[in-house]
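Notes follow once the structure below has been shown.
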Amino acid sequence: VQLQASGGGLVQTGGSLRLSCAASERATNSYTIAWFRQAPGKERSFVAGTRSSGGTKYYTDSVKGRFTISRDNAKNTWNLQMNSLKPEDTAVYYCAVTTRGLIATTIRWQTEYNYWGQGTQVTVSS
């Protein structure tokens, strides 16, 4: 599976961006899809994730209520709607997918993901 992330850019504090991740093949219902990010000087970390079949959506605490992960299985894409952006959201954002159906704890583990997109830069100015 090849992933192509897009939608990053420069935005002011309080603004919005919508990231998209296009997959080269259709995810089955057992897949887990996610977004991670890596800020300058920091390790890559979990942002949001969900099963391709729908159901519970998981978020890191710092983005709850501001970010929304969604999927369009018919188009082989999933999105991250980011609202009320803050300077601390500045990072390179990566989409990822795994053929495993992950749960609340493992969905946050980078090592569980088989495939990664190339990353898209999000910069939030103060």
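All residue numbers in this chain count up from 1 along the given sequence. Atom set for the values below is all heavy atoms of this structure, side chains included, hydrogens, waters and symmetry mates excluded.
- Between the CD1 atom of Ile33 and the OH atom of Tyr115 there is a distance of 15.5 Å, given to the nearest 0.5 Å.
- Taking OG of Ser24 as the start and CG of Asn76 as the end, the distance is 8.0 Å to the nearest 0.5 Å.
- With Tyr93 contributing its side chain and Leu80 its backbone, the two residues share no donor-acceptor pair below 3.5 Å.
- Here Arg71 contributes atom CZ and Thr77 contributes atom OG1; the two are 10.5 Å apart, rounded to the nearest 0.5 Å.
- The shortest side-chain heavy-atom distance between Asn114 and Val97 does not fall under the 4.5 Å cut-off.
- The closest side-chain heavy-atom distance from Pro87 to Thr13 is below 4.5 Å.
- Judged by distance alone, the side chain of Thr50 and the main-chain N or O of Thr56 form a donor-acceptor pair under 3.5 Å.
- A donor-acceptor pair is defined here as one N or O able to donate and one able to accept, closer than 3.5 Å; such a pair exists between the side chain of Thr32 and the backbone of Leu102.
- Atom CZ of Arg108 is separated from atom CD1 of Ile103 by 11.0 Å, given to the nearest 0.5 angstrom.
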Please assess Cys21 against Trp35 for the test side-chain contact (heavy atoms from CB on, under 4.5 Å), listing each intermediate value before the final yes or no. CA-CA 9 Å; Cys21 186; Trp35 289 94; 3.7 Å; yes
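- Side-chain contact, Asn83 with Gln81: a donor N or O sits under 3.5 Å from an acceptor N or O.
- When each of Thr60, Val47, Leu19 is paired with Phe67, the side-chain contact (heavy atoms from CB on, under 4.5 Å) condition holds for Val47 and for no other.
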Stepwise, does the salt bridge (charged side-chain N to carboxylate O under 4.0 Å, His left out) test hold for Lys64 with Asp61? CA-CA 5 Å; Lys64 286 180 181 177; Asp61 287 346; 3.0 Å; yes
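- The closest side-chain heavy-atom distance from Thr98 to Trp109 is not below 4.5 Å.
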Applying side-chain contact (heavy atoms from CB on, under 4.5 Å) to Tyr59 and Phe46, what does each step give before you reach the verdict? CA-CA 8 Å; Tyr59 300 94; Phe46 174 81; 5.6 Å; no
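- Every side-chain hydrogen bond (donor to acceptor under 3.5 Å, both in side chains) that Gln110 has, sequence neighbours left out, goes to Arg44.
- Put simply, CZ on Arg66 and OG on Ser84 are 7.0 Å apart, with the number rounded to the nearest 0.5 Å.
- Between Leu3 and Cys95, the shortest heavy-atom contact is CD1-O, 3.8 Å.
- What you find for Thr68 and Lys57 is that their closest heavy atoms are CG2-NZ, 4.4 Å.
- Side-chain atoms of Thr120 never come within 3.5 Å of backbone atoms of Ser6 as a donor-acceptor pair (strictly under, hydrogens ignored).
- The aromatic rings of Trp116 and Phe36 lie tilted to each other, with the angle between the two planes from 30° to 60°.
- Looking only at side-chain heavy atoms (C-beta outward), Asp89 and Met82 stay at 4.5 Å or farther from each other.
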Worked verdict on Gln118 versus Gln4 for side-chain contact (heavy atoms from CB on, under 4.5 Å): CA-CA 7 Å; Gln118 84 285 5; Gln4 180 71 39; 3.0 Å; yes
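- Residue-environment remark: CD (Gln2) stays at or below the threshold of 12 foreign heavy atoms within 6.0 Å.
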Test log, rule side-chain contact (heavy atoms from CB on, under 4.5 Å), inputs Ser70 and Arg18: CA-CA 11 Å; Ser70 62; Arg18 183 178 178 86; 4.1 Å; yes
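- Here the closest non-hydrogen pair linking Val92 and Gln121 is CG2-OE1, 3.2 Å.
- Under the 4.5 Å side-chain criterion, counting only non-hydrogen atoms from C-beta, Arg37 is not in contact with Tyr94.
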One pair to check against side-chain hydrogen bond (donor to acceptor under 3.5 Å, both in side chains): Glu88 and Thr90. What are the steps and the verdict? CA-CA 5 Å; Glu88 51 263 43; Thr90 294; over 6 Å; no
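- For the residue pair Asn79 and Ser20, the shortest heavy atom distance occurs at OD1-OG, 2.7 Å.
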